[in-house]
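The sequence lines fix the lettering, A, B, ..., with proteins before strands; numbering per chain opens at 1.
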2 protein chains.
Amino acid sequence: MSNCLKIGEVARMVTCRIETIRYYEQQGLLPTPGRSEGNYRLYGREHVERLRFIRHCRSLDMTLDNVKLLLKFRDAPEENCGPVDALLDEHIGHVADRIVQLKLLEAQLRDLRGQCLSAKASKDCRILQALSPGKER
Amino acid sequence: MSNCLKIGEVARMVTCRIETIRYYEQQGLLPTPGRSEGNYRLYGREHVERLRFIRHCRSLDMTLDNVKLLLKFRDAPEENCGPVDALLDEHIGHVADRIVQLKLLEAQLRDLRGQCLSAKASKDCRILQALSPGKER
DNA sequence: CTTGACCCTATAGTAGCTTCATGGTGTTGG
DNA sequence: CCAACACCATGAAGCTACTATAGGGTCAAG
């Protein structure tokens, strides 16, 4: 076996924090590694690959639950991958929705910002006024 | 005094949950209201206005810390409102950044999705393959 | 006098980690 | 030989902005 990597080395290889690795183990995304005499976790190549898979998914903003599901399919090569496609479609939908929302938000914020273009007394600040419904007029 | 509204009525007026109102009080965004004989919180018009202000800010995705700051300026009419403008500029920056990020993300996800257009065995799924760096080729 | 709608407090849970407190392991230098 | 230092271990708390839950009190109507 090539289970010889300490957690710090693995963390450096996949550029994530040691605590995050332990957290993934605790959450059941990473199998419990072997231990050294001194009770240090010892990882092998398959752990590193699995971690990279997880981090890649996370960099795509997937939830850990979704990553768990993807790992299940990764672990079952004969299973039909339809749900993987569906998961991705749904995730794309979420991201697209969020973009629309944020664009609307940005427009609102810029509009608000346009109301007070120079510093003045708060009582005259149009931004604060605009944020206070019922105090309009 | 017009301190006569119970928390449920206020919640209905500003369309937020009762628990949220208590939470804001606990977090120091809403002054502690008076109490009835039966120990019920009693709110007046100024509480409702403040709550609407808070909810408006939150609908613009501001953090509670930022809302706290804005409330400070709302409470100090003679203060110069420059920091308000700055806060808003920064917030707009965050939102704009996030939009850029999410657009990149969406493109990546669509690209990934394009790799597996029909359900098949997981071991042949290009999506799972693409998510597994080191297992390429 | 009981039912039901409403209110109270305190505590725990959510997501995905990060930080902290406290202590063991292992290697190197004086 | 031992101290210093880097590294590792565990368990618990902290972060945001709430939401939910447990276990109880208040109040008006029937």
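- No engagement by A/R12 is indicated, since no non-hydrogen atom pair under 4.0 Å with the nucleic acid exists.
- If A/Y24 and B/I7 are placed on DNA chain C by their nearest nucleotide, the residue sitting closer to the 5' end is B/I7.
- Judged by distance alone, with hydrogens and angles left aside, A/Y40 brings a side-chain donor or acceptor within reach of the base of C/dT25, the pair sitting under 3.5 Å.
- To the nearest angstrom, P of D/dA13 lies 17 Å from OH of A/Y23.
- For the pair B/Q27 CD and D/dC15 C1', the computed distance is 12 Å after rounding to whole Å.
- Contact annotation: A/R17 side-chain N/O to C/dC17 OP1/OP2 distance is not under 4.0 Å.
- Counting heavy atoms from C-beta outward, A/R35 and A/L42 have side chains that stay 4.5 Å or more apart.
- Distance A/M62 CE to C/dG16 P: 13 Å, rounded to the nearest Å.
- If you take CG of A/N39 and P of C/dG24, they are 12 Å apart, rounded to a whole angstrom.
- Between A/R41 and the phosphate of D/dA9, there is a side-chain N or O to OP1/OP2 separation shorter than 4.0 Å.
- Contact annotation: the side chain of A/M13 never approaches that of A/Y43 to less than 4.5 Å [non-hydrogen atoms, C-beta and beyond].
- Of the candidates D/dC18, C/dT9, D/dA20, D/dC18 carries the atom nearest the B/R58 side chain, counting heavy atoms from C-beta on.
- When rounded to the nearest whole Å, the span between CG of B/L64 and P of D/dT19 equals 11 Å.
- Computed from coordinates, the B/E9 CD to C/dA5 C1' distance equals 13 Å when rounded to whole Å.
- One atom, CD of A/Q26, and another, C1' of D/dA13, lie 13 Å apart when rounded to the nearest Å.
- If you take CZ on A/R52 and SG on A/C16, they are separated by 10.5 Å, rounding to the nearest 0.5 Å.
- Candidate nucleotides D/dA9, C/dC7, C/dC8 were compared by shortest atom distance to the side chain of A/R22, and D/dA9 ranks first.
- Considering A/R110, A/K103, A/Q108 in turn, A/R110 is the only one that fulfils the side-chain hydrogen bond (donor to acceptor under 3.5 Å, both in side chains) rule with A/E106.
- Remark: B/R74 qualifies as a cation-pi partner of B/F53 under the 6.0 Å distance and 45° angle criteria applied to the six-membered ring.
- With distances taken from any side-chain atom of B/R35 to the nucleotides D/dA17, C/dC8, D/dT19, the minimum falls on C/dC8.
- Nearer the 5' end of DNA chain D, as judged by each residue's closest nucleotide, is the contact made by B/T20, out of B/T20 and B/S36.
- Remark: P of D/dC15 and CD of A/E19 are 17 Å apart, rounded to the nearest angstrom.
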